[in-house]
Structure formats: structure tokens, C-alpha cells
Amino acid sequence: HLPLALLISLLVMAAVYVAAGTRMSLAHPLSHALAREEFAIFCQPIVNCHSGRCVGIETLLRWNSPRFGPVPPDVFIPLAEQHALIVPLTRYLMAQVAENFALFPQDPAFYISVNVDSRHFHQQQILQDVEQVWLAKQPSATLMIELTERSRLTDIDGNQIHRLKALGVLLAIDDFGTGHNSLSYLKGLNPDVLKIDQSFTAAIGTDAVNATVTDMIITLAQRLKLKLVVEGVETAEQIAYLRERQVEAVQGYYYARPLPIQDFPAWLAAFHGD
Ligand code: C2E
Ligand code: CA
Ligand code: CA
Ligand code: CA
């Protein structure tokens, strides 16, 4: 156990060091980037793998920096979190999507998913943004909020979750299976959806131990009567495996890569063969 713990803390220290280095060169431009609207909103379709219908999308940010070129979210999202920019950035995304509700099916069964950081729950900002930025634009589709399991889910107060649900918002646990939270938070947060992280999907047909974990998460979700979205589905073999286990909603390159939201209607028409 000791060498592993040591290795992990060394890795964490290295990551912090690298993040601090990156921060110095990128943090300042990031706040200007928001003001200059250098962020684009992409979406990735979520598909029912039995019916072949698109049931929702996940929204994803892209930063096209004139100075650094395209910066991946794995780099700028952690920076935004460190520099108190994640809430304004998410609010920007929500406003942009809300301006473009007409691009998406006018159907309450269709969900539009937004990644929300646990910091957004401070001082009920998320409730304000859901009401004033999102619901004020009269969406017909349903909002889903993804909270990553790697954040401090236990810090989120149940009252706000309760109020979000009363507004018709769905709650998903993102990257399920990768966090260090004990599963006891599931009772308090009462999520509607578990999103299985793509590392477990990649294990199908390649890694027996992780594939067993995948099976257990599928069973867990089914027993708890939670909806499941399996992420990172890339191959026909994975689709067959998931279909056999009665998994419905999947997201991944097999069906679609993330695309600019403006391109979604054309993608949907082609996908459904309309
Ligand atoms: P995530 O929430 O787990 O998003 C899924 C990521 O997996 C996306 O990467 C997507 O492009 C990628 N992906 C989807 N299907 C496949 C597949 O079949 N194979 C592989 N290899 N990858 C696939 P992306 O867009 O680069 O986003 C990376 C992460 O950045 C996201 O992971 C999310 O944690 C974060 N992120 C992106 N946009 C936002 C945002 O608006 N707010 C917050 N808080 N985080 C965001
Ligand atoms: Ca996500
Ligand atoms: Ca995820
Ligand atoms: Ca992920």
C-alpha cells in the first residue's frame, strides 16, 4: 500500500506544479477570452442504442484562442476553476445555449446536459442561473445538470438539489466510478442519471477487471432505477455488449463526435434519416 500512496502523492504534487506553471501563462488570457467571447459551444449527441434515436445532448466548451490556438477543456476548465471563472464561464454557456433553444427538439423528453462545478452551488448561484438564464428563455427540452464524481459532492446541500428538481431539472453524476466519494452520497443527492466514465467502456473486451466494474455499475443503476448514460462508446462490439445488458443511452464517437451546436439540426436530420 505504501509505495502506491507515495506514488499517488508524488503524481499529485507533479500535477499541481504543472498546473501552477500553466496558470501563470494562461490565467490572465482566460478572463479576457471570456470577455472577447473566444469560447464556442459544442454538443455531443446521446443516443438510444436500441431505437437509434437521439435522446439528448451534452454541451461542451471549446476555447479557440487567437494566441494559443485551440486549448482543450482539460487544460482551461481546471484553470477556470482555480481563478473563479468557472461560474461565469458556465453561465456564458447556459446563456448561449438558451439563445439557441430553437436548434433542439421541442420535446420535454429531450435533455440538454450542462456540466456544472460544485462551486456553482455557492450562494445558490446555480438556482439563480437556472431560473434567470435558462428557464426565462422558455425551453421545451429538459435541462440536465452533470456533477462530476471527482468533485466534492458531499459539500452540495440537499436543499438546492431539491429546489432544482422542483424546477424540473434532471441531475446526473458524471464520470461515475472514478471519484473518491463513498457511494453514500447517492442517497442525499438522489440523482436521476449515472454517467459511466469512458475508462470503463474502454475496458469492454480488453480488461476483465474493469469490465466487471462496468457490469456492476450497470446493475447498480438498474437496481436503483436510475437512468444510465454510458460514455466513450467507440466500437460496434461495445454497443453489442451494452445492448445485451439492456443499456439504452450511450454517448461516444461510435454515433457522433462533439459538433458545434449550430450544426446539430443538420446532424439530427441526417442521423434520423428525415
Ligand atoms: P466529460 O464531461 O467527461 O466530457 C466527455 C469528453 O469525452 C468530451 O471531451 C468528449 O469529446 C469526449 N468523448 C466523447 N466521446 C468520446 C469517445 O467515444 N472517445 C473518446 N476518447 N472521447 C470521447 P472534451 O469535450 O474534450 O471535454 C473534456 C472534459 O472537459 C469534459 O469531460 C468535462 O469534464 C470538461 N468540460 C468540457 N466542457 C465543460 C463545461 O462547459 N463545464 C465544465 N465544468 N466542464 C467542461
Ligand atoms: Ca460531462
Ligand atoms: Ca464524463
Ligand atoms: Ca471524462
Side-chain angles (χ1 to χ4, degrees), residues 19 30 33-34 37-47 49 54 56-64 70-98 111-122 125-126 129 133-134 143-153 156 170-179 191-206 214 217 228-239 241-242 249-261 267:
L30 194 60
L34 185 55
E37 305 204 25
E38 291 168 8
F39 294 93
I41 316 293
F42 276 53
C43 67
Q44 186 173 29
I46 299 170
V47 173
C49 65
C54 177
I57 53 155
E58 175 176 2
T59 57
L60 295 160
L61 279 164
R62 294 287 177 269
W63 180 17
N64 298 308
V71 181
D74 294 336
V75 173
F76 71 79
I77 295 290
L79 292 174
E81 289 167 359
Q82 287 160 28
H83 292 273
L85 285 166
I86 191 63
V87 171
L89 202 52
T90 306
R91 186 178 297 131
Y92 174 76
L93 174 140
M94 290 171 77
Q96 291 293 307
V97 176
Y111 47 86
I112 301 175
S113 195
V114 175
N115 294 284
V116 170
D117 187 82
S118 57
R119 291 170 185 81
H120 217 129
F121 283 77
H122 291 170
Q125 294 179 94
I126 188 62
D129 287 343
V133 178
W134 193 274
L143 172 62
M144 183 158 103
I145 285 180
E146 297 189 13
L147 290 169
T148 173
E149 214 207 17
R150 284 164 292 136
S151 71
R152 301 175 53 127
L153 294 177
I156 294 174
L170 296 175
L171 184 69
I173 305 299
D174 196 8
D175 305 322
F176 190 77
T178 63
D192 305 281
V193 177
L194 300 182
K195 294 193 77 174
I196 298 193
D197 187 65
Q198 54 192 45
S199 57
F200 297 110
T201 311
I204 295 170
T206 63
T214 312
I217 296 173
L228 198 63
V229 176
V230 178
E231 297 188 294
V233 175
E234 294 182 350
T235 67
E237 185 197 4
Q238 290 165 348
I239 294 282
Y241 184 97
L242 295 167
V250 302
Q251 178 180 350
Y253 296 169
Y254 180 79
Y255 285 115
R257 292 191 174 238
L259 59 147
I261 54 170
W267 176 86

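Both counts, for ligands and for their atoms, begin at 1 and track the order of listing. Computed from a predicted model, the values in this text were never measured in an experiment. Here, residue 1 is the first one in the sequence, and each next residue gets the next number.
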With heavy atoms only and a cut-off of under 4.0 Å, state how [X] meets ligand 1: side chain, backbone, both or neither.
X	answer
Q198	side chain
V116	neither
I77	side chain
D175	side chain
D174	side chain

Exercise for review: List the steps, then state whether side-chain contact (heavy atoms from CB on, under 4.5 Å) holds for E37 with Y92.
Suggested key: CA-CA 9 Å; E37 305 204 25; Y92 174 76; 3.1 Å; yes
Report yes if the side chains of [X] and [Y] come closer than 4.5 Å at any heavy-atom pair, otherwise no.
X	Y	value
V229	V250	no
L34	P88	yes
N64	E38	no

[X] to [Y] - nearest heavy-atom pair and separation:
X	Y	value
P78	P73	CD-O, 3.5 Å
L89	A80	CD2-CB, 4.0 Å
Y253	E234	CD1-OE2, 3.8 Å
I41	L93	CD1-CA, 3.8 Å
Y254	T235	CD1-C, 3.7 Å
E146	S113	OE2-OG, 2.7 Å

Quick test of your reading of the structure: of [options], whose heavy atom lies closest to [atom]?
atom	options	answer
atom 20 (C) of ligand 1	H120, E234, K195, Q251	E234
atom 27 (O) of ligand 1	P73, S199, P72	P73
atom 28 (C) of ligand 1	D74, I41, T90, N115	D74

For ligand 1, which atoms have a heavy atom of [X] less than 4.0 angstrom away?
X	value
P258	11 (O)
G252	15 (N), 18 (O)
E231	3 (O)
V233	18 (O)
E58	2 (O), 4 (O)
L93	41 (O)

If you measure only the distance, is there a donor-acceptor pair under 3.5 Å linking the side chains of [X] and [Y]?
X	Y	answer
T201	Q238	no
D175	Q198	no
Y255	Q44	no

Review point. Between Q44 and ligand 1, does any nitrogen or oxygen pair lie at a separation below 3.5 Å?
Key: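 Yes, there is a polar N/O contact under 3.5 Å.
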**Study point:** L61 N/O to ligand 1 N/O under 3.5 Å
**Key:** yes
With a 4.0 Å cut-off on heavy atoms, does [X] reach ligand 1?
X	value
G232	yes
R257	no
E81	no
R62	yes

Check your understanding: Mind counting the protein N, O or S atoms sitting less than 3.0 Å from the Ca ion (ligand 2)?
Key -> 4
Exercise for review: Return yes if some donor-acceptor pair links the side-chain N/O of T214 with the main-chain N/O of F200 below 3.5 Å, else return no.
Suggested key: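 Judged by distance alone, yes, a pair lies under 3.5 Å.
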Point to revise | Residue pairs fulfilling salt bridge (Lys or Arg N to Asp or Glu O under 4.0 Å) with at least one residue in residues 83-95, sequence neighbours excluded | key: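 Passing the test, one end in residues 83-95: R91-D129.
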Practice item. Give a yes or no on whether a salt bridge exists between E149 and K195, defined as a side-chain N under 4.0 angstrom from a carboxylate O. Key: no
